[in-house]
Amino acid sequence: MQPFAVLDGEGRLLATPDLPALLPQPIDAAFADRLLRGLLLARVFDERMIAITHEGKLGFYLSSRGNEALHIGAASVLREGDWIFPSHRETSVALWRGYSIRELVDQLFGNAEDLTKGRQLPVHYANRRIHFVSSSSIVATQLPQATGMGWAARLAGRGDVAAAFFGDGAISSGEFHVGLNFAGVYRASAVFVCRSTDPAANLAARALSYGLRGVRVDGDDLLAVMIVVADAAARARAGEGATLIEAIVPPLPSPETDPLTRASAYLASCGATLDVERVRLEIEAEIAAACAAAPTIGAPPVETLFDDVFAELPPHLVEQRAELLALPRSKPLGSR
Amino acid sequence: MPTMNIIQAVNDALRIEMRRDARVVVLGEDIGKFGGVFRATSGLHEEFGPDRVVDTPLSEGGIIGAAIGMALYGLRPVPEIQFSDFIYPAYDQIVNELAKMRYRSGGQYTTPIVIRTPVGGGIRGGHYHSQSPEAYFLHTPGLKVVMPSNPIDAKGLLLSAMRGEDPVLFLEPKRVYRASRADVPEGDYTIPLGEAKRLREGAQVTILSYGAMVHTVTEAVERAVAEGFDPEVLDLRTLLPLDLPAIVESVQKTGRAIVVHEAPKTCGFGAELVALIQEKALLSLQAPIVRVTGWDTPFPYTLEHEYLPSADRILQAIRDTVSF
């Protein structure tokens with residue numbers, strides 16, 4: 001099964017797909033601008049975060065360079081009511097859905113304004129407002145969770161879909177088997193999006209063993225991703241069950257295979273008029289402002305260390321908190 | 001008031017809550033059409049249907065992982081793990097995901113799930129149908145752990161657990177599932193988590209226990225009283241959050257303490273209780289605190305009766321403690 005593609009290497013249509021039938025909304029000039037802006041934001045944010053990590057200003061960051069077409073394409077055809085079960089590379093999905101630059105940077109710096117209260121490593125985002133589910137550092141545990149949400153969503157009948165994202169490493173995990181097996185048994189309203197770097201692996205074929213649809217797509221082809229994810233989501237919404245989408249991407253990003261080049265060309269043909277250079281500067285300025293502000297905000301107050309373990313503090317945590325607060329404050333490890 | 005055993009009390013609690021709250025769903029292996037291997041979910045499938053009483057594939061990780069997803073979306077799942085010995089494939093989901101979801105999301109996401117599972121030996125079940133794994137979960141911040149000893153507590157605590165907003169491990173003492181019977185109040189009532197119950201008032205030695213061991217303690221105490229001893233007995237009921245004030249008050253009065261649990265000795269919950277008691281009441285103690293526990297071996301099949309703390313062992317501990 002060849003990966004589905006509709007754009008050639010230069011972003012020209014290979015055929016003339018019936019786009020109104022295949023996409024939830026047409027790619028008019030306004031939507032094309034929005035897509036282009038989303039791709040640019042994804043790319044620039046990633047570049048800047050990698051840069052400041054190399055500068056030693058950020059302790060840890062996981063890049064998703066080269067996955068912009070995949071993540072923006074997928075995010076752009078999902079609905080507000082859908083839920084995202086991410087791994088750690090879906091920063092651009094978060095950005096598309098409205099996780100602000102400032103909110104993301106606050107999480108990366110783990111400061112007092114971070115929505116997740118500085119509890120986890122960078123890129124472990126969570127934002128209930130946009131249904132971006134908290135992830136752990138454990139690979140693939142989100143898959144059975146996405147299945148459970150998708151199953152509950154089918155029963156609720158509101159048409160919400162679980163969209164789970166992961167890399168091909170997760171395929172070897174027991175949780176992949178468990179999650180997809182349950183998704184097949186319960187006809188979960190879910191879309192499983194796997195970034196795959198090995199075209200020979202033919203991961204989509206494994207879907208059949210779970211009673212799911214398996215689809216292969218060129219993960220660098222923005223339009224193909226939009227079509228495939230929209231189709232999978234529509235089937236899930238209709239109660240037809242889950243799809244495993246194997247999105248083929250190159251193992252390493254390179255200028256020759258840059259998905260932004262291809263997508264930009266196509267979006268220009270759709271009428272995009274975005275001033276890329278101006279917008280890039282705007283984005284860079286917004287990121288710079290967030291990165292300048294974030295370290296000055298300071299750590300979450302030490303008394304919050306004990307919040308959110310449970311709904312209410314049980315007696316032993318009340319006691320432990322009092323014990324910690326009575327001590328002089330410690331310096332972060334490694335500081336002088 | 002109807003007389004019920006623990007199974008019937010659990011079934012009653014589930015039925016009451018499923019009628020009261022349409023978000024409650026029950027899921028697990030053989031719990032639907034079959035009604036559960038211990039019949040705890042008997043009749044629920046007929047009343048509430050296959051979308052709310054779900055037979056799952058044989059996959060504890062899937063049961064708990066899916067339950068987490070359901071809970072995130074707004075359901076209130078009550079999954080069953082058929083024997084607690086089988087819980088370990090779900091351990092990653094329980095420890096790394098369920099217990100930490102609220103904390104790691106800054107309070108944005110919560111997973112109010114009650115995991116029901118039978119624990120304990122005495123049913124000729126061997127290594128893999130007899131374990132008492134509470135310590136593995138007590139050591140994980142973010143989980144509440146409950147182990148009732150009788151039907152009245154089982155029903156009231158389970159209803160409380162299902163209405164709380166925190167994940168709960170609800171550990172059911174299978175050896176006394178049917179043997180423990182009581183007049184259980186009809187209809188809806190709750191017993192709050194975090195409260196121990198004093199079963200016998202005494203002045204000479206405090207005995208702390210939970211689960212099926214409470215019944216063995218009761219037997220030992222009857223004999224102890226006949227020998228002239230005056231023990232005070234606390235059924236802990238909730239292991240976390242623990243009712244430490246009740247324990248401390250008792251030990252301050254009696255000056256002696258014995259902890260009885262089936263689980264293995266090393267790093268069992270008894271070790272935590274001993275640490276807490278000596279932190280809070282050291283100067284009240286007249287003797288070392290004694291732990292009467294399962295041995296540090298896998299749970300044996302043939303020699304099960306030598307493994308489980310017996311009334312003889314508990315009685316001997318009372319004699320030794322009092323005469324120290």
Side-chain angles (χ1 to χ4, degrees), chain A residues 83 85 107 114-120 124-129 131-138 141-156 160 162 174-175 177-179 181-186 188 190 300 304 306-317 319, chain B residues 23 25 27 51-52 54-75 77 79 89-90 92-93 95-112 141-144 164-167 193-194 238 240-245 276 279:
Chain A
W83 285 52
F85 287 82
Q107 194 282 329
D114 169 25
L115 293 175
T116 68
K117 302 184 188 175
R119 298 267 166 76
Q120 287 212 89
H124 290 67
Y125 315 114
N127 190 330
R128 194 183 181 96
R129 189 182 72 231
H131 301 311
F132 195 90
V133 180
S134 168
S135 62
S136 67
S137 304
I138 316 298
T141 45
Q142 73 274 25
L143 299 180
Q145 295 169 20
T147 291
M149 179 262 157
W151 173 13
R154 177 173 68 72
L155 296 175
D160 297 330
E175 298 296 81
H177 169 68
V178 164
N181 186 41
F182 270 58
V185 169
Y186 296 110
T304 66
F306 298 90
D307 293 339
D308 306 317
V309 179
F310 298 103
E312 315 268 343
L313 255 73
H316 68 290
L317 289 187
E319 192 179 305
Chain B
R23 300 170 300 171
V25 302
L27 63 159
D51 287 344
R52 290 186 68 196
V54 187
D55 284 317
T56 63
L58 204 164
S59 169
E60 287 71 20
I63 292 167
I64 303 303
I68 290 171
M70 292 170 145
L72 291 170
Y73 193 61
L75 294 182
D92 189 23
Q93 287 283 352
V95 168
N96 275 329
E97 308 290 322
L98 180 64
K100 297 173 168 60
M101 186 66 73
R102 181 193 289 272
Y103 194 77
R104 80 190 196 203
S105 67
Q108 295 181 85
Y109 288 104
T110 62
T111 41
L143 299 175
K144 294 190 170 174
E165 297 308 313
D166 297 310
L193 304 193
T238 302
L240 197 151
L242 183 68
D243 188 352
L244 190 55
L276 289 169
E279 266 171 35

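The chains referred to below are lettered A, B, ... by the order of the sequence lines, with proteins before strands, and numbering in each begins at 1. What you see is a predicted model, and the numbers here were worked out from it, not measured in a lab.
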Checklist entry - B:Leu276, B:Ile64, B:Ile63: which one forms the most heavy-atom pairs within less than 4.5 Å of chain A? => result B:Ile63
Next on the checklist: Please classify the contact of A:Glu175 with chain B as side chain, backbone, both or neither, using a heavy-atom distance under 4.5 Å.
Outcome noted: side chain
Item to check | Contacting region of A:Val309 [heavy-atom separation from chain B under 4.5 Å] | outcome: both
Checklist outcome for this item: Heaviest contributor of heavy-atom pairs below 4.5 Å to chain A, chosen from B:Asp243, B:Asp51, B:Leu242, is B:Asp51
Checklist entry - Do A:Trp151 and B:Leu75 have side chains that get closer than 4.5 Å, going by heavy atoms? => result no
Checklist entry - Of the non-hydrogen atoms in A:Asp160 and B:Tyr73, which two are nearest, and what is the gap between them? => result OD2-OH, 2.6 Å
Next on the checklist: At a heavy-atom distance under 4.5 Å, which candidate from A:Gly150, A:Gly118, A:Pro315, A:Ala153 has the highest pair count against chain B?
Outcome noted: A:Ala153
Checklist outcome for this item: In terms of heavy-atom pairs under 4.5 Å with chain B, the winner among A:Thr304, A:Asn127, A:Asp114, A:Leu143 is A:Asn127
Next on the checklist: Taking the side chain as everything from C-beta on, heavy atoms only, tell me whether A:Arg119 gets closer than 4.5 Å to B:Lys100.
Outcome noted: no
Checklist outcome for this item: Turns out that what part of B:Lys144 lies under 4.5 Å from chain A's heavy atoms comes down to both
Next on the checklist: Using the rule side-chain contact (heavy atoms from CB on, under 4.5 Å), only one of B:Thr110, B:Leu240, B:Leu143 pairs with A:Phe310; which is it?
Outcome noted: B:Leu240
Checklist entry - Considering only heavy atoms from C-beta outward, does the side chain of B:Ile68 approach that of A:Gln145 to under 4.5 Å? => result yes
Checklist entry - Ignoring hydrogens and geometry, is there a side-chain-to-backbone donor-acceptor pair from B:Asp166 to A:Ala311 under 3.5 Å? => result yes
Checklist entry - B:Glu60: what forms a side chain to side chain donor-acceptor pair (under 3.5 Å) with it, not counting sequence neighbours? => result none
Checklist entry - At a heavy-atom separation under 4.5 Å, does A:Ala162 approach chain B through its side chain, its backbone, both, or neither? => result neither
Next on the checklist: Can you tell me which portion of A:Ser135 sits under 4.5 Å from chain B's heavy atoms? Options are side chain, backbone, both or neither.
Outcome noted: backbone
Checklist entry - Taking atom NZ of A:Lys117 and atom CZ of B:Arg104, what is their separation to the nearest 0.5 Å? => result 15.0 Å
Checklist outcome for this item: Applying a strict 4.5 Å limit to non-hydrogen atoms, the region of A:Ser136 in contact with chain B is both
Checklist entry - Below 4.5 Å, heavy atoms only, C-beta onward: do A:Tyr186 and B:Pro57 meet side chain to side chain? => result yes
Item to check | Heavy-atom pairs under 4.5 Å with chain A, option from B:Glu165, B:Met101, B:Met70 with the top count | outcome: B:Met70
Item to check | With sequence neighbours excluded, residues passing ring pair (Phe, Tyr, Trp, His ring centres under 6.0 Å) with A:Phe132 | outcome: none
Checklist entry - Do you know the tightest heavy-atom contact between B:Gly61 and A:Pro144? => result O-CB, 4.5 Å
Checklist entry - Side chain of B:Gln108, backbone of A:Arg128: donor and acceptor closer than 3.5 Å? => result yes
Checklist outcome for this item: Ranking A:Asn181, A:Thr147, A:Asp307 by heavy-atom pairs under 4.5 Å to chain B gives rank one to A:Asp307
Next on the checklist: Taking the side chain as everything from C-beta on, heavy atoms only, tell me whether B:Glu97 gets closer than 4.5 Å to A:Ile138.
Outcome noted: yes
Checklist entry - With a 4.5 angstrom heavy-atom cut-off, which part of A:Leu155 approaches chain B: side chain, backbone, both or neither? => result side chain
